[in-house]
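To find a chain, count down the sequence lines: A is the first, B the second, and so on, and within it residues start at 1. Heavy-atom basis, side chains included; hydrogens, waters and symmetry copies ignored.
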Amino acid sequence: MENSHARTRFAPSPTGALHSGVVRTALFAWLLAKQSGGQFLLRIEDTDQKREVEGGTENIKESLRWLGLDWDEGPDVGGPYAPYIQSERLSIYKQYAQELVGKGLAYADPYTQEELQGLREQAQAEKRPFLFRDHRPENPPTWDGSQALRIKLEPKAWQWDDAVMGTISMGPEMVDDFIIIKADGFPTYNFCHIIDDYLMKITHVMRSQEFISSVPKFLAAHEALGLTPPINVILPQVMDETGRRKLSKRHGAKPVLEYRDQGFLPEALLNFIATIGWNDGTEQEIYTVPELIEKFSLARVQRSGGIFDEQRLVYLNGVHIRRLPLDELYERVANFWPASAAGREDAYKKQVLGLVQERLKFFAELPALTEFFFTDLPVDPQLWQDHKQLKKLAPAELKTLLEQAKTALTGSDFTVDGLTACLNNLLETTGQKPAVLFSLVRIATTQAPNSPGLADTLAVLGKDTSLQRIDAMLAAL
RNA sequence: GGCCCCUUCGUCUAGUGGUCCAGGACGUCAGGUUCUCAUCCUGAAGAUCGCGGGUUCGACUCCCGCAGGGGUCACCA
């Protein structure tokens, strides 16, 4: 707990589905707010009308809700600094812009975008950096809102402390007269997010690494506006599986909600995402959400980027699934049963679930793992013809053995203990190894390439179903 | 190209001058758990700590240089 009552925010733009890279930024901000007894805000930065996508805001909210990253202030819940959607705050930005114009610190940009492009190309051809301030108009037109408005900044070297990266310094060429209000009347991110963070009393601003070279701009704007900047926190990048580029939707980063739809647990995803770029210095790998809140620390956030290794996520999801009490797991998998399970009683499904809990890596695997508990799979000769033990025996031998098994099982009470005793007894009377006998009975009763332990499976399947299936295989031998 | 950040097993990482010829986890491989798959357990392979110089009795740890990777240079965020 290094900060008390941190106010943090997550400020995405609604330009597409939320993916894990972005979620990490939200998570760290949320953790800091939670652990310090502060607030976490959601603010929608919809100032680029062209890039906005239909349903973008809804996707953000739904993703955060699924993950459990609840916001104390923001859309839907309101708060003392509403509205929390930038397109509804245009008059505020205009007011601050006007203030700068009044102070002579902002001016209308008289160039067309084509002219600007020409100047840039010329600079590039001459191998020198393009700086707008070298082309400042001597007598800029009065800003009437139809031109872009630029902030006027004097060249200056910058140095500041970042909570993760430490002391960073950059030269005067990093800050130029940037546009604060676009010709369409909307503010730019560089300008309005600073105002919002100030007005909303944000204490820690987390941004991912691609913003690091923009920080001097933000600092310069604070200075021009006479505002005190918040604590800047640059987070290392989350890289895609190639390790060559940051995770981005352009390059196929999976939307968070896809993990939900595949049956990943939000706590597992958070555990995974948190440990890309952060660890508590111990050998702990598995964290519950409360543990993350308790142990998270900015001081232990990594500076180097990390790869999103989905294999590790799958592993962690399995761990979290296994840790769940059966009743809770049962509620969570409700939407993932195979169609054939429809209408089956809860008690039965819960028994089945108990058998596959330690095999489940994510819920979308549930149908493949449990299908045979709900429906008779077609008899598949491949299963014994390809079996490394059973293929050594002739069909007639298999048939004899299976008939012996049928007789023995007919006399069993089909409790796990009774079945275990029955099967062990059968090993003796037939003189067979478990590898042969158990495999045969397992294949006969499931017609599946794999299943939970034999006695457990038979007990859940029940006597009628088990014997029927044995008959069906007997007929095929 | 300018500027900025980063650099420990394939991957996530521990390590803040000596306890490190570098520890854990995922993944991989092998063995065990009466049958399969999974779980669990045991074990193995896997990093000359990007490279080169310093400083020091001693460096993964401090300093300098280089290289590589990433980011950024928009009326996008």
* Quick one: does A:K182's side chain have a donor or acceptor within less than 3.5 Å of a partner on A:T47's backbone? -> yes
* Any donor-acceptor N or O pair under 3.5 Å, side chains A:Q117, A:E121 -> yes
* **Euclidean distance for P, B:G27 against B:C40 (whole angstrom)** => 9 Å
* Would you say the side chains of A:T188 and A:N190 form a donor-acceptor pair under 3.5 Å? -> no
* Asked: With both distances under 3.5 angstrom, what nucleotide forms a Watson-Crick or G-U wobble pair with B:C40?
  -> B:G32
* Listed by chain and number, what are the salt bridge (charged side-chain N to carboxylate O under 4.0 Å, His left out) partners of A:D162, not counting sequence neighbours? -> none
* Which value, in whole Å, describes the distance between the P atoms of nucleotides B:U8 and B:A14? -> 10 Å
* Asked: Who does B:A77 pair with, Watson-Crick or G-U, both distances under 3.5 Å?
  -> none
* B:G18 pairs with, by Watson-Crick or G-U criteria that keep both distances under 3.5 Å -> B:C57
* To do: Say whether A:Q284 and A:K295, considering side chains only, have a donor N or O and an acceptor N or O under 3.5 Å apart.
  => yes
* Pairing residues for A:F178 by the ring-ring contact (aromatic ring centres under 6.0 Å, His included) criterion, not counting sequence neighbours -> none
* Asked: With sequence neighbours excluded, what pairs up with A:D309 under the side-chain hydrogen bond (donor to acceptor under 3.5 Å, both in side chains) test?
  -> none
* Taking any strand in view, what nucleotide pairs with B:C26 in a Watson-Crick or G-U wobble way, both distances under 3.5 Å? -> B:G10
* Distance-only side-chain donor-acceptor flag, A:H320 / A:N271, under 3.5 Å -> yes
* How far does the P atom of B:A74 sit from the matching atom of B:C60, given to the nearest Å? -> 43 Å
* Asked: Touch check for A:R207, heavy atoms < 4.0 angstrom, all strands: base, sugar-phosphate only, or nothing?
  -> nothing
* In the structure shown, which nucleotide is the Watson-Crick or G-U wobble counterpart of B:G65, with both distances under 3.5 Å? -> B:C51
* Using the closest heavy atom to pick a nucleotide of RNA chain B for each, name whichever of A:S304 or A:T275 lands nearer the 5' end. => A:S304
* **Gap between atoms CD and C1', on A:E283 and B:G23 respectively (whole Å)** => 6 Å
* Say whether A:N317 and A:Y259, considering side chains only, have a donor N or O and an acceptor N or O under 3.5 Å apart. => no
* Structure fact -> Readout for nucleotides 37-48 of chain B: B = base within 4.0 Å of protein heavy atom, S = sugar-phosphate only, - = neither; 5' to 3' it is BBSS--------
* **Value in whole Å for how far the C1' atom of B:G27 lies from CZ of A:R312** => 11 Å
* Rounded distance in Å - CE (A:M170) to C1' (B:C5) -> 8 Å
* **5'-most by nearest nucleotide on RNA chain B - A:I168 or A:L454** => A:I168
* Asked: For A:L440, which contact category applies under a 4.0 Å heavy-atom criterion: base, sugar-phosphate, or nothing?
  -> nothing
* Sugar-phosphate or base contact per nucleotide [nucleotides 68-77 of chain B; S, B, -; heavy atom under 4.0 Å] -> --SSS-SBBB
* Would you mind reading off the distance between A:I273 atom CD1 and B:U13 atom P, rounded to a whole angstrom? => 13 Å
* Indicate, with a heavy-atom threshold strictly under 4.0 Å, whether A:S169 touches base, sugar-phosphate, or nothing. => sugar-phosphate
* **Inter-nucleotide C1' distance (B:A67, B:U28), Å rounded** => 31 Å
* Under-3.5 Å donor-acceptor pair between A:R303 side chain and B:C5 base -> no
* Is it the case that A:H193 and A:R207 place a side-chain donor and acceptor less than 3.5 Å from each other? -> yes
* Partners of A:S13 by side-chain hydrogen bond (donor to acceptor under 3.5 Å, both in side chains), sequence neighbours excluded? -> none
* Structure fact -> ring pair (Phe, Tyr, Trp, His ring centres under 6.0 Å) test vs A:F336 passes for just one of A:F363, A:Y330, A:F264, namely A:F363
* Structure fact -> Between CG of A:L313 and C1' of B:A25 the distance, given in whole Å, is 15 Å
* Asked: Taking the same atom, C1', in B:G50 and in B:A45, what whole-Å distance lies between them?
  -> 23 Å
* To do: Rounded to whole angstrom, note down the C1' distance from B:C12 over to B:G32.
  => 29 Å
* Asked: Would you say B:U13 has OP1 or OP2 under 4.0 Å from some side-chain N or O of A:N279?
  -> no
* NA contact type, A:Q302, heavy-atom cut-off 4.0 Å: base, sugar-phosphate, or nothing? -> sugar-phosphate
* Asked: So what does A:G171 touch, heavy atoms closer than 4.0 Å: a base, only the sugar-phosphate, or nothing?
  -> nothing
* **Protein-nucleotide distance (A:M165, atom CE; B:C5, atom P), rounded to Å** => 9 Å
* To do: To the nearest Å, give me how far apart CG (A:N424) and C1' (B:U34) are.
  => 7 Å
* So what's B:U72 paired with, Watson-Crick or G-U wobble, going by both distances under 3.5 Å? -> B:G2
* In whole angstrom, give me the gap between the P atoms of B:C63 and B:C21. => 23 Å
* Measure the distance from CG on A:L426 to P on B:C35 and round it to the nearest whole Å. => 15 Å
* Which whole number of Å gives the distance between the P atom of B:C66 and that of B:G43? -> 47 Å
